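To find a chain, count down the sequence lines: A is the first, B the second, and so on, and within it residues start at 1. Keep in mind the model is a prediction, meaning the values are calculated, not measured.
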There are 2 protein chains.
Amino acid sequence: MRRPDELTRAFRAQGLKITPQRQLLFTLLHDNETHPTAEALYTVAHAQMPGISRRTVYQTLTDLVSMGELSSLAVGGGATRFDPNTAAHHHALCDECGALLDIYVDDLQFRAQGLEGFAASGATIVFNGRCATCVPNDLPNNPVINNKEHQQ
Amino acid sequence: MRRPDELTRAFRAQGLKITPQRQLLFTLLHDNETHPTAEALYTVAHAQMPGISRRTVYQTLTDLVSMGELSSLAVGGGATRFDPNTAAHHHALCDECGALLDIYVDDLQFRAQGLEGFAASGATIVFNGRCATCVPNDLPNNPVINNKEHQQ
DNA sequence: GTGCGAATCTGCAAACCGTGCGAACTAGCC
DNA sequence: GGCTAGTTCGCACGGTTTGCAGATTCGCAC
Ligand SMILES: [Mn+2]
Ligand SMILES: [Mn+2]
Ligand SMILES: [Zn+2]
Ligand SMILES: [Zn+2]
């Protein structure tokens, strides 16, 4: 997602208006790495702008997603989470606290059975386990999966 | 997921009762490769046993998941889908029709940035794109559509 | 086969997440 | 300042899932 001032220009260029509600959400989302839900954003937004409506938060998020400024993630079965990081990346979901971390995967190689005839346009990878703050400190990390080279 | 008769034994071994509702769901799920939702299972179950309740379908699915006989998949943001295939595998989700196909991935190798300190216990991969029946049929070697007599 | 008790089933209410809609409001423009 | 299209708001509603309590039934003991 671009900076608030760039988004402002982009919105106006499309004939969309700039409202205080939208500006607030731009700033709340910019560089936000928590992958917040709509409700989490509403809570923070509402603290700063008591009149804002949940409906507006949902609407603005939908707009940003359809403009490609934001992506929406359906992980873990709860509410949709939103991601202003538009670089190609994957995620790690902590089973315990629900934290969602950005993971950058390179040099991916594999053999797949079952993809014959399927016109794949991409793939999403979600690692699961425990994040650093949820791993008990006396237990060593898994030496195989938690290293540079991985095998499934 | 094991066969209905094996599940029957497993349930009784745990002090759980065998009811007609559970037996029906066992057979509906066994070898079911469609990754059905609870509602889809209810529809089929209800056709065969009109008195069955949605609540019982949800309850039985939850029980099977906690017994490790079934896994639940949250993909695409809609209703949870259930998978009796307990072998380690991944999925491909058709953007168009929602079909979910089993994909077996081998020899997976990659480098990841961001996993440092994360105690990963596994990863799920979801390919997205179009399944074979949803891919437009105007591909190079379709003998009918690509025949000159059928071209404009 | 009867009876008992615990497990299960059912139906409904309610929680949760998100969307549709229409009335009220406002940003951007003259 | 006024106009108007775009936006916001509040509420109702749809889809999915869970909580609950009363009715029912399975499995067992007699
Ligand atoms: Mn991310
Ligand atoms: Mn599967
Ligand atoms: Zn954590
Ligand atoms: Zn398809």
Side-chain angles (χ1 to χ4, degrees), chain A residues 4-5 7-26 28 35-43 45-46 48-67 70-82 98 100, chain B residues 4-5 7-26 28 35-67 70-82 98 100:
Chain A
D5 62 300
L7 286 178
T8 295
R9 255 177 284 136
F11 267 60
R12 286 209 240 261
Q14 294 191 23
L16 302 174
K17 295 178 177 174
I18 292 303
T19 65
Q21 292 90 342
R22 281 177 175 171
Q23 285 175 305
L24 174 55
L25 288 165
F26 293 170
L28 293 182
H35 304 93
T37 62
E39 184 67 22
L41 286 164
Y42 170 72
T43 300
H46 191 258
Q48 295 185 41
M49 185 185 287
I52 199 172
S53 158
R54 256 181 201 86
R55 193 67 187 82
T56 297
V57 175
Y58 276 105
Q59 185 60 57
T60 302
L61 292 171
T62 301
D63 293 345
L64 287 168
V65 169
S66 64
M67 291 171 69
L70 207 55
S71 58
S72 64
L73 309 172
V75 293
T80 300
R81 300 175 72 153
F82 294 89
L100 199 55
Chain B
D5 62 300
L7 286 178
T8 295
R9 253 177 287 138
F11 267 61
R12 284 209 240 260
Q14 294 192 20
L16 303 175
K17 295 178 178 175
I18 292 303
T19 65
Q21 292 89 344
R22 282 177 173 172
Q23 286 175 306
L24 174 55
L25 288 165
F26 292 170
L28 293 182
H35 304 92
T37 62
E39 183 68 21
L41 287 164
Y42 170 71
T43 300
V44 179
H46 191 258
Q48 295 184 41
M49 185 187 286
I52 200 172
S53 155
R54 253 182 204 83
R55 193 68 187 80
T56 298
V57 175
Y58 277 102
Q59 186 59 57
T60 302
L61 291 171
T62 301
D63 293 344
L64 287 167
V65 169
S66 64
M67 291 171 69
L70 207 55
S71 57
S72 64
L73 308 172
V75 293
T80 300
R81 300 175 72 154
F82 293 89
L100 199 55

Query raised in the report: Quick one: B:Tyr58 OH to C:dA13 P, roughly how many Å, whole number?
Result: 18 Å

Query raised in the report: Which part of the nucleic acid, if any, lies within reach of B:Arg22 when heavy atoms closer than 4.0 Å are counted: base, sugar-phosphate only, or nothing?
Result: sugar-phosphate

Query raised in the report: At under 4.0 Å, does any side-chain N or O of A:Arg12 touch on OP1 or OP2 of C:dG28?
Result: yes

Report task. Please answer whether the main-chain N or O of B:His35 pairs with a side-chain N or O of B:Arg81 as donor and acceptor at a distance below 3.5 Å. Result -> yes

Report task. Please name the residue in the list A:Leu7, A:Leu64, A:Leu16, A:Thr56 that meets the side chain to side chain contact (heavy atoms under 4.5 Å, CB included) test with A:Arg22. Result -> A:Leu16

Query raised in the report: For D:dC30, what is the paired nucleotide under Watson-Crick or G-U wobble rules, both distances under 3.5 Å?
Result: C:dG1

Report task. Would you give the length of the straight line joining atom CD1 of A:Ile52 to atom CE of A:Met49, rounded to the nearest 0.5 angstrom? Result -> 5.5 Å

Report task. Write down the distance between CG (A:Leu61) and P (D:dT8), rounded to a whole number of angstrom. Result -> 12 Å

Report summary line: Value for CG (A:Leu100) from OG1 (A:Thr37), rounded to nearest 0.5 Å, stands at 11.5 Å

**Report entry** Whole-Å gap separating P (C:dG20) and CZ (A:Arg54)
**Finding:** 18 Å

Requested in this report: Nearest whole angstrom, please: distance from the P of D:dT25 to the CD of B:Gln23.
Outcome: 15 Å

Query raised in the report: When the distance from NZ of B:Lys17 to P of D:dC26 is rounded to whole Å, what number comes out?
Result: 9 Å

**Report entry** Length of the line joining A:Leu16:CG and C:dA27:C1', which is rounded to integer Å
**Finding:** 12 Å

Query raised in the report: Using a cut-off of 4.0 Å on non-hydrogen atoms, how would the nucleic acid contact of B:Thr80 be classed: base, sugar-phosphate, or nothing?
Result: sugar-phosphate

Query raised in the report: Considering only C:dT10, D:dC26, D:dC9, which nucleotide approaches the side chain of A:Ser53 most closely?
Result: D:dC9

Query raised in the report: Should A:Thr19 be listed as having a side-chain N or O under 4.0 Å from OP1 or OP2 of D:dT8?
Result: yes

Query raised in the report: Between B:Thr37 and A:Gly15, which is nearer to the 5' end of DNA chain D once each is assigned its nearest nucleotide?
Result: A:Gly15

Query raised in the report: Got a donor-acceptor pair under 3.5 Å from the side chain of A:Arg55 to the base of C:dG18?
Result: no

Query raised in the report: Rounded to whole angstrom units, what separation is found between the OH atom of A:Tyr42 and the P atom of D:dG10?
Result: 8 Å

Report task. Round to a whole Å and report the spacing from CD of A:Gln59 to C1' of C:dC25. Result -> 16 Å

Query raised in the report: Heavy atoms under 4.0 Å, any strand shown: does B:Gly51 hit a base, just sugar-phosphate, or nothing?
Result: sugar-phosphate

Query raised in the report: Counting only N and O atoms by type, is there a donor-acceptor contact under 3.5 Å from the side chain of A:Thr60 to the main-chain atoms of A:Val57?
Result: no

Query raised in the report: Is the distance from OP1 or OP2 of D:dC9 to the nearest side-chain N or O of A:Gln21 less than 4.0 Å?
Result: yes

